[in-house]
Protein chains: 2
Amino acid sequence: MDRRRKKTRNAIFTAFTALLEKKTYSALTVQDIIDEADIGRSTFYAHFETKDELLKALCKDIFDHVFPSEIMSEEKHDFSHHSSFSDRITHILYHIREKQQNIKGLFTGECGEIFMGCLKEYLFRVFDDRLTEDSPVPRSYRLDHAVSSFAETLRWWLREHSEYSPEQISSFYFASVPIPKD
Amino acid sequence: MDRRRKKTRNAIFTAFTALLEKKTYSALTVQDIIDEADIGRSTFYAHFETKDELLKALCKDIFDHVFPSEIMSEEKHDFSHHSSFSDRITHILYHIREKQQNIKGLFTGECGEIFMGCLKEYLFRVFDDRLTEDSPVPRSYRLDHAVSSFAETLRWWLREHSEYSPEQISSFYFASVPIPKD
DNA sequence: ATAGTTACAGAACAAAGTGTCAGATAACTT
DNA sequence: AAGTTATCTGACACTTTGTTCTGTAACTAT
């Protein structure tokens, strides 16, 4: 990828994240981003069709870091030789905390819907093979519940309770959701 | 309240809900609502300052119906003589299903954030006194988890699994969340 | 019933944002 | 060194926004 392209893309991401600390997502205009990133109008549209596409691209960037391929279900075979499921969850929590500053503003406000939606897509793949087989409750419900609960746990954590450690958060989660820890 | 005011307010609500089935919330303009409701421009602004305020008002209207005062925690004393907590939950589920058509579009898309936020405010009051006292997990987390899980349960139900009865949904919920049923 | 109040329609308005397009310059690739 | 690609500046028509004005119709209270 062209250096110039990388540089501009990054400038847009940085401006976007910075602005989200001052304004809400819906109040944020493309014009604001252009001014903050100090780029030409057409340059923005050369990178992203809309504000929503920009947000989605940013989410993907973040989650590709938070969920490295060895943590995803598909590759779990290598991983599970070394560690339990709750270890995988704790790993994810550490990665989330690293990106805390970028993520915080995305949980709240109107962009939360898109951000949480993207987060859940990744989580579905993490939790998909962790459900017990026999239950009177539909599998679809249990998977949705495990995923949604974890996503909301992250939101609760970063919103106002970041004093807890990743290990503590993990224990809170497994104490509240019927998912085996290993 | 003035008849004319009620009538116009209702026309706006109706137009708004109707439009949400064709367009997403963020793509919806005040102009669209004005045209659909067939009212003057200044009339809209005489009722609501912004699109968001309109949405919030609609949410309040819906939830004041879904959560009648006798179901809310404050008034539980009268209620609990006759029925268990899971009965109260089932009552809520019936009310939700009644308003299904109005609610469905509000769960998804960009307005979901505001809608879910409003829903949770009501739910916090319903669940506040239903938590067990002694637990190693912080009370704040357990309350947030119970509320979020229930809100997401409703979303799951109406999104793609409305074939289940309120009683079934209630049983799925209590099977997955550590909250006493009575 | 009459007088006073309140809500609405219609139209006009400036201000701001949107998305696109052309031409010029600079940075990159081979 | 030549060709490609990304960016920049400026401009464009268009839509949306929120406000203000005037006249008219509907309501309320005495």
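Lettering follows sequence order; numbering is per chain, from 1. All values below come from the heavy atoms of this structure, side chains included, with hydrogens, waters and symmetry mates left out. Predicted, not measured: the structure shown is a model, and the values here were computed from it.
Figure legend. C:dA26 is base-paired to D:dT5; pairs are counted as Watson-Crick or G-U wobble with both atom distances under 3.5 Å.
Judged by distance alone, the side chains of A:Glu113 and A:Tyr25 never bring a donor and an acceptor atom under 3.5 Å apart. No donor-acceptor contact under 3.5 angstrom links the side chains of B:Tyr173 and B:Gln168, judged on distance only. Side-chain contact annotation: B:Trp156 with A:Ser148, donor-acceptor N/O pair under 3.5 Å absent. Looking at B:Thr153 and A:Tyr141, their side chains do bring a donor and an acceptor atom within 3.5 Å of each other. A:Asp32 and A:Thr29 share a donor-acceptor pair across their side chains, judged by distance under 3.5 Å alone.
Across all strands, B:Arg4 comes closer than 4.0 Å to base atoms (heavy-atom distances).
Taking every heavy atom of both residues into account, A:Glu133 and A:Arg142 meet most closely at O-NH2, 4.1 Å.
With A:Phe13 as reference, A:Leu54 is the one residue of A:Asn102, A:Leu54, A:Thr8, A:Ile33 to meet the side chain to side chain contact (heavy atoms under 4.5 Å, CB included) rule. For the side chain to side chain contact (heavy atoms under 4.5 Å, CB included) with A:Leu154, the lone residue among A:Ile92, A:Ile96, A:Val66 that qualifies is A:Ile96.
Proximity of residues 32-60 of chain A to DNA chain C (heavy atom under 4.0 angstrom from any strand atom) is restricted to A:Arg41, A:Ser42, A:Tyr45.
Position along DNA chain D of the nearest nucleotide to B:Asp2 versus B:Thr29 favours B:Thr29 as the more 5'-ward residue.
For D:dT17, the base adopts the anti conformation, since its glycosidic angle falls more than 90 degrees from zero.
Where DNA chain D meets chain B (any atom under 4.0 Å from a heavy atom), the bounding nucleotides read 5' to 3' are D:dT16 to D:dC27.
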